Amino acid sequence: MQRILVTGALGQIGSELVPSLRARYGADGVVASDVRVPAGPVEDEGPFVYADCLHIRQIDDAVRRFDVGTIYHLAALLSAVAEERPRAAWDLNMGGLYRVLEVAREHGCAVFLPSSIGAFGPGTPRIATPQDTIQRPSTMYGITKVSSELLCDYYHRRFALDTRGLRLPGLISHVALPGGGTTDYAVQIFHDAIRFGRHICYLREDTKLDMMYMADALRAIEELMEADPSRLRHRNAFNVTSMAVTPAELAAEIQRHRPGFTLDCEPDPVRQAIADSWPQSIDDSAAREEWGWAPRYDLAATTREMLAQLETRLAAEASSGPAPRAGRDAG
Ligand code: SER
C-alpha cells in the first residue's frame, strides 16, 4: 500500500492526526514531515522527514522516497499571524500548496487540504452560513484559504487529482497548542482554568464562532478522505462544525466543573476584527448529505474531555516534561 505524507505534522492538527492515521493505516504507512525537528513521540512511532513546502524538491524527494499516495497538507500560517506577516502567509499558504499540488500531479497523489471558517468574509451571511455562498474574506489568511479552495478544485477538474478539503472551525485540543489563530482562546481558556482559575480573553464575551473538539476533526478528515468519490458534489471545501459558542458560554460551561473560574475580556482590535468578519455559525448539511458527517462532541462533552485530559497532561508535565508545543498549521 502506498504511504501517507503529512506536512506541518508538528502543529496542532498534525500532532494528533499523525498518531490517528498511524493507528488506522499502520505506523510505517504514515510519514510525518515538518520544518522543525520533533521533540515528542512523533519520530519514535514512525518515519519523520524534514521537508520545507517552499522547496518543491524536498516534497518531491519525500514522495518518491516513501512511495506516497496521499498528502495531508497541513503546513500553513493561521489567521492572526497571517495579519502580522501577510507576505509570509501568502508565500507559505499559497506557495506551499502550489508546490504540493504540482508534486501530487506528477505522482498522482490524493491531497487533503484544511480550509477554514476564515474563508468567509464580511459579505457572507453570518448565521447558518451556506456551503455555497459569497466568499470575499477581508484577511490575508482568508484570501489564501479561498484561493486554496479554488486551486484544489482546479487541479481536480483540470488534472483529475483527488483533492478534498474541510472548512474547519476553531479546533479545541489538548496535545499541541494552536499557533496564532483567532480561535486560540478556546484552547488557552482550558489551560488557564486549570492553572490559574482565570482567563483574560482577547475577544468580546459575546463573539460567537464555530468550534470543534479535535477528535471530531480527526474523524471528519479521515471520513472525508475515505468517502465514495461518486457521492461528492463538492470537494474544496466542506463546511463542518460541532458547535457555535461565545467566550461567555465556554466560560459558563467550565464554571460547571470549576465554580471559581472567572473570565475577563480585553478585546484585541486585530483579532476582534478578524472574528467579526467570520460566520457566527455555519451550515454543514452538504457534508452530512454527501459523506455522512455528524459531530459527536458538543460543548458539554468537549469541556468534560478537555478538563480531564488536560489535568492529567499538565500534572505529568509539571512533574517531568516540557510544555505543549505551539503549532504552525491550519484549523
Ligand atoms: N483556527 C483558525 C484561526 O483562528 C481558523 O481556521 O486562524
Side-chain angles (χ1 to χ4, degrees), residues 8 11-17 72-86 88-90 92-94 97 112-122 124 126 129 135 137-149 165-190 201-204 207-214 216-218 220-221 236-247 250 267-282 284 287 302 306 326-331:
Q12 186 194 12
I13 300 175
S15 298
E16 297 193 54
L17 182 63
Y72 291 71
H73 178 47
L74 307 181
L77 292 191
L78 291 179
S79 59
V81 174
E83 279 317 286
E84 270 169 34
R85 301 169 55 206
W90 178 265
L92 177 62
N93 294 10
M94 294 313 303
L97 173 64
F112 170 79
L113 184 86
S115 185
S116 160
I117 52 172
F120 299 112
T124 305
R126 290 191 75 202
T129 302
Q135 287 184 270
S138 51
T139 63
M140 178 51 93
Y141 180 67
I143 291 165
T144 66
K145 286 297 170 188
V146 178
S147 307
S148 297
E149 292 185 5
L166 298 173
R167 291 185 189 130
L168 292 170
L171 296 181
I172 302 178
S173 68
H174 55 82
V175 174
L177 290 169
T182 301
T183 55
D184 294 9
Y185 89 84
V187 175
Q188 193 61 45
I189 196 171
F190 288 100
C201 187
Y202 54 73
L203 295 180
R204 274 193 327 269
T207 309
K208 188 169 281 240
L209 292 169
D210 284 282
M211 299 284 173
M212 182 179 285
Y213 186 53
M214 185 61 85
D216 266 348
L218 301 180
I221 294 169
N236 301 286
F238 284 94
N239 286 6
V240 282
T241 184
S242 295
M243 63 194 109
V245 292
T246 64
L250 193 42
D268 158 50
V270 174
R271 281 178 288 190
Q272 187 66 54
I274 296 174
D276 288 342
S277 77
W278 288 357
Q280 295 187 344
S281 63
I282 60 173
D284 58 7
T302 300
M306 278 298 287
R328 189 191 77 166
D329 66 8

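No hydrogens, no waters, no symmetry mates; every other heavy atom, side chains included, goes into these values. Along the sequence shown, residues are numbered consecutively beginning with 1. Every value quoted in this text rests on a predicted model; they were computed, and no experiment measured them. Counting starts at 1 for both ligands and their atoms, following the listed order.
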With a cut-off of 4.0 Å, which atoms of ligand 1 are near a heavy atom of [X]?
{"X": "Tyr141", "value": "5 (C), 6 (O), 7 (O)"}
{"X": "Ser79", "value": "3 (C), 4 (O), 7 (O)"}
{"X": "Ser116", "value": "5 (C), 6 (O)"}
{"X": "Thr182", "value": "3 (C), 4 (O), 7 (O)"}
{"X": "Leu78", "value": "7 (O)"}

Exercise. How about Leu166 and Pro114: do any of their side-chain heavy atoms sit closer than 4.5 Å?
Worked result: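 No, side chains not in contact.
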Exercise. Does a side-chain heavy-atom distance below 4.5 Å link Lys145 with Met94?
Worked result: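 In short, these two side chains do not touch, never coming nearer than 4.5 Å.
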For this session: Would you tell me whether Asp284 and Thr241 have side-chain atoms, one donor and one acceptor, within less than 3.5 Å of each other?
Result: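 Side chains of Asp284 and Thr241: no pair found under 3.5 Å.
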For this session: Please state which part of Tyr185 comes within less than 4.0 Å of ligand 1, counting heavy atoms only: side chain, backbone, both or neither.
Result: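 Under 4.0 Å from ligand 1, Tyr185 contributes no heavy atoms.
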For this session: Run the salt-bridge test on Asp184 and Arg271 with the 4.0 Å N-O cut-off and return the result as yes or no.
Result: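 A salt bridge is absent here (no side-chain N lies under 4.0 Å from a carboxylate O).
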For this session: Over 60° means perpendicular and under 30° means parallel, so classify the ring planes of Tyr185 and Tyr202, tilted if in between.
Result: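 Taking Tyr185 first and then Tyr202, their aromatic rings stand perpendicular (interplane angle over 60°).
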Exercise. Should Trp278 be counted as touching ligand 1, given the test is an N or O pair under 3.5 Å?
Worked result: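 N/O-N/O distance below 3.5 Å does not exist for this pair.
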Exercise. Looking only at N/O atoms, are Asp184 and ligand 1 under 3.5 Å apart anywhere?
Worked result: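 So ligand 1 has no N or O lying under 3.5 Å from an N or O of Asp184.
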Problem set entry | Smallest separation among heavy atoms of Ile274 and Ala80, with atom names |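 Scanning both residues, the minimum pair turns out to be CD1-CA, 4.2 Å.
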